[in-house]
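Structure first, commentary second.
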Amino acid sequence: MDDTIYEVSTQEIGKTEVAPEVLNMIPYNTGMEPLLLAEYGRNIQNLVDFCVSIPDREERTRCAYSIADIMMILFPALKKDHNNQKKIWDHINIMSRFELDIDFPVPVINAEEANPTPSPIPYSNSREILFRYYGRHIQNMVLTVADMDDSEERQNLIGVIANHMKKLMLAHNKEGVSDAKVLRDLCFMSEGKIDILPGDIYLHDYQEVVQVKQKQGKKKNNKQNY
């Protein structure tokens, strides 16, 4: 027996060239079609694709039933679901891209049900927002208060709304805020039903709070002088 030991350096291995036909034999997931249901893996997807390609309907149906049995064996968690049979056949139909023509044992999901078109979100366009920095809620509140009978409660609500409007305007424009401007906007949004002069109501003076950064204390020198 020949006990000769042959040594091969890693540099020689790195220089070894692999034939292109060998590389073409290695399939990569990045070069394949995306999985429709990744939890079942590539093999189940390939089985479903093969089943769809079978020309004979009876043989195609038997193949689909076999795939369903395999899925039950590979994924025992499906057995815990009381509606497992419909779930499996729904998934088979999805993986077949809804092209599997067989006699399904249960009603299965179709393409419209799997990819429903979302219903449009209803937006209230009954009244346009006049001033975006006040918002729609303030505008609705102004219209509600404007239709109230003249009373102390109405006056108090007008004061609360006007002060909040001034605060919102200050957040939008810190330099162009005035009581007269707020009251003009209030009159405009109420369609002239709330017409107040600056001297007839008191609006708070809001000021921007500037946060003062705390200075870091100087580190004490613990070194002793000898």
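Not measured: the values here are computed from a predicted model. Reckoned from all heavy atoms, side chains included, excluding hydrogens, waters and symmetry mates.
At least one side-chain heavy atom of D185 sits under 4.5 Å from a side-chain heavy atom of Y133. Taking 4.5 Å as the limit, some side-chain heavy atom of Q139 sits within range of a side-chain heavy atom of L130. Here the side chains of L197 and L183 are not in contact, with every heavy-atom distance at 4.5 Å or above. The side-chain heavy atoms of K181 and V177, taken from C-beta on, include no pair separated by under 4.5 Å. No side-chain heavy atom of P107 sits less than 4.5 Å from a side-chain heavy atom of W89. Within the 4.5 Å cutoff, no side-chain heavy atoms of H204 are placed close to those of K167. Residues L74 and M71 fail the side-chain proximity criterion, which asks for heavy atoms closer than 4.5 Å.
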Full working for side chain to side chain contact (heavy atoms under 4.5 Å, CB included) between T117 and E112: CA-CA 8 Å; T117 302; E112 290 75 15; over 6 Å; no

Chi angles and distances behind the side chain to side chain contact (heavy atoms under 4.5 Å, CB included) call for Y134, M169: CA-CA 7 Å; Y134 294 140; M169 183 183 288; 2.7 Å; yes

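The list of salt bridge (charged side-chain N to carboxylate O under 4.0 Å, His left out) pairs with a residue in residues 137-155, not counting sequence neighbours, reads D147-K193.
At most 12 non-hydrogen atoms from other residues, nucleotides or ligands lie less than 6.0 angstrom from CD of E58. Enclosure of atom OH in Y202 by more than 12 non-hydrogen atoms of other residues, nucleotides or ligands within 6.0 angstrom is indicated. When the shell of 6.0 Å around CZ of F50 is examined, it contains 12 or fewer heavy atoms from other residues, nucleotides or ligands.
For D195 (side chain) and C187 (main-chain N/O), no donor-acceptor pair under 3.5 Å exists by modelled atom type. A distance-only check finds a donor-acceptor pair linking the side chain of N163 to the backbone of G159 [under 3.5 Å]. The main-chain N or O of V52 is never found under 3.5 Å from a side-chain atom of R60 such that the two would form a donor-acceptor pair.
Closest of all the heavy-atom pairs between C63 and I54 is CB-CD1, 3.8 Å. Counting all heavy atoms, side chain and backbone alike, C51 lies closest to A64 at SG-N, 3.6 Å. Summarising the geometry of I109 relative to I94, their closest heavy-atom pair is CG2-CG1, 4.1 Å, with the distance given to 0.1 Å.
Tracing side-chain contacts under 4.5 Å through hydrophobic residues (I, L, V, M, F, W, Y), one reaches L47 starting from Y65; they form part of the same cluster. Under the 4.5 Å side-chain contact rule for hydrophobic residues, M95 and L35 do not share a cluster. I201 and V160 are members of different hydrophobic clusters when ILVMFWY side chains are connected at heavy-atom separations under 4.5 Å. In this structure, F188 is a member of the same hydrophobic cluster as V182, with clusters built from ILVMFWY side-chain heavy atoms closer than 4.5 Å.
For the side-chain contact (heavy atoms from CB on, under 4.5 Å) criterion with V48, the lone passing option out of N43, I67, L37 is I67.
Residue I102 holds its CD1 atom at 8.0 Å from OG of S96, rounded to the nearest 0.5 Å. Note that CE of M165 is 13.0 Å distant from NE2 of H172, once rounded to the nearest 0.5 Å. In this structure, CG in L36 is found 11.0 Å from CG in N93, a value given to the nearest 0.5 Å. Atom OG1 of T144 is separated from atom CD1 of I161 by 8.0 Å, given to the nearest 0.5 angstrom. Within the model, atoms CD1 of I92 and NZ of K87 stand 13.0 Å from one another, a figure rounded to the nearest 0.5 Å. With rounding to the nearest 0.5 angstrom, the NE2 atom of H137 is 10.0 Å from the CE atom of M141.
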